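One structure is given here, and the rest of the page talks about it.
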Amino acid sequence: MTILLGLLTIFAISSSIVQAELPPGVTACPKTTDLQSYNKCILKQLEAITPYLAKGIPSLKLPPLDPLLLPSLTVDRNLDALKIKANMSQIRVYGATNFVVEEIKANPHDLTVTIKVQLPHVHVKGDYDVHGRLLLLPLNGAGSFKGNFTNTEAIVNAQGKEVTDKNGVQRLEIDKLNTKIRVDNGNIKLKTPPSHTVAADAAATFFNSNPRLVLDIASPIIEDTAATISNALATRALSVLTKAELVP
């Protein structure tokens, strides 16, 4: 559910200039009306900075992204086929920086960006406390979980806006963010105390027997969670960059 991670942030870091104390090899993509050339430049900078994402980039306030640690995550949704209240903690996400860019479209004039990627494999583990139901299956219990998810397609559409901070410096913020995610396949394992073993086994068996059905039902939650995390990461990076650095 955290498979976007730093993808939105990439637009910020890939188009910054050296004054932002970025890793070696990352240079500015000059503002131009030739969007094809501009996007080739953005992709080149993305390729240059990707190896640094796993360990994090302190100058951009970015934490290590592989694995990405999420100390806590709360889900509270009431959908037709899925009603769930879950508190998850100590979540670690592996493999999210191992993405393949299929398409990138960035426009420095209207501050829009679209990124389409494939993630071959993402592994997630952590602790959970959940109450609810999936179709007619009760979801109640607490314990730890592991999940493996393959061939995930993620599309991010973002719109930025110009703002002036309290010191009169022009910066960019995320104005709109839309995500579309399709996880092709996956499986989960749940470990619980003896009192919850039957329910956990039933839930895991149902998911592993019907991954396409469950992933489609849970798609709105996956997309909302990914958007929230991506927005938070991008906001941290944007807070240390000026508009002039992002769109020279």
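Just so it is clear, the model here is predicted, and its values are computed rather than measured. These numbers come from the heavy atoms of this one structure, side chains and all, not from hydrogens, waters or symmetry mates.
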What are the two closest non-hydrogen atoms of [X] and [Y], and how far apart are they?
X	Y	value
P71	L69	CD-O, 3.6 Å
P211	N185	CG-OD1, 3.4 Å
L35	P108	CD2-CD, 3.9 Å
N151	D184	O-CB, 3.1 Å

Flag the pair E103 and K105 as a salt bridge only when some basic side-chain nitrogen lies within less than 4.0 angstrom of an acidic carboxylate oxygen.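 Counted as a salt bridge, because a side-chain N and a carboxylate O are separated by less than 4.0 Å.
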Kindly compute the distance separating [atom1] ([X]) from [atom2] ([Y]), expressed to the nearest 0.5 Å.
X	Y	atom1	atom2	result
I42	S37	CD1	OG	12.0 Å
S144	K189	OG	NZ	11.5 Å
R212	D216	CZ	CG	4.0 Å
I155	T179	CD1	OG1	10.0 Å
L119	N98	CG	CG	8.0 Å
H123	D66	NE2	CG	11.0 Å

[X] side chain vs [Y] backbone, donor-acceptor pair below 3.5 Å:
X	Y	value
D165	N167	yes
R92	L68	no
E223	I181	yes
R182	L215	no
N140	H131	no
H109	T32	yes

Compare all side-chain heavy atoms of [X] with those of [Y] and state whether any distance is below 4.5 angstrom.
X	Y	value
I188	F149	yes
T205	F207	no
V122	Y94	no
I115	V117	yes
K116	E153	yes
V214	L134	yes
L65	Y52	no
L137	R133	no

Do N157 and T114 pair up side chain to side chain, a donor and an acceptor below 3.5 Å, judged on atom types alone? yes
Without hydrogens or angle criteria, can the side chains of T112 and D110 be said to hold a donor-acceptor pair below 3.5 Å?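 The criterion, which ignores hydrogens and geometry beyond distance, is satisfied for D110 and T112.
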Would you kindly confirm whether [X] and [Y] end up in one hydrophobic cluster when ILVMFWY residues are joined by side chain heavy atoms under 4.5 Å apart?
X	Y	result
L177	V163	no
I222	L213	yes
I91	I84	yes
I221	Y128	yes
L135	L139	yes

Test applied, side chain to side chain donor-acceptor pair (under 3.5 Å); reference residue, N87; option that passes from T74, D127, D129, D76: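 That would be T74.
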Does D34, at its CG atom, have more than 12 non-hydrogen atoms belonging to other residues, nucleotides or ligands within less than 6.0 Å? yes
So, applying side chain to side chain contact (heavy atoms under 4.5 Å, CB included) with M88, which one of V130, V124, V75, L70 is it? V75
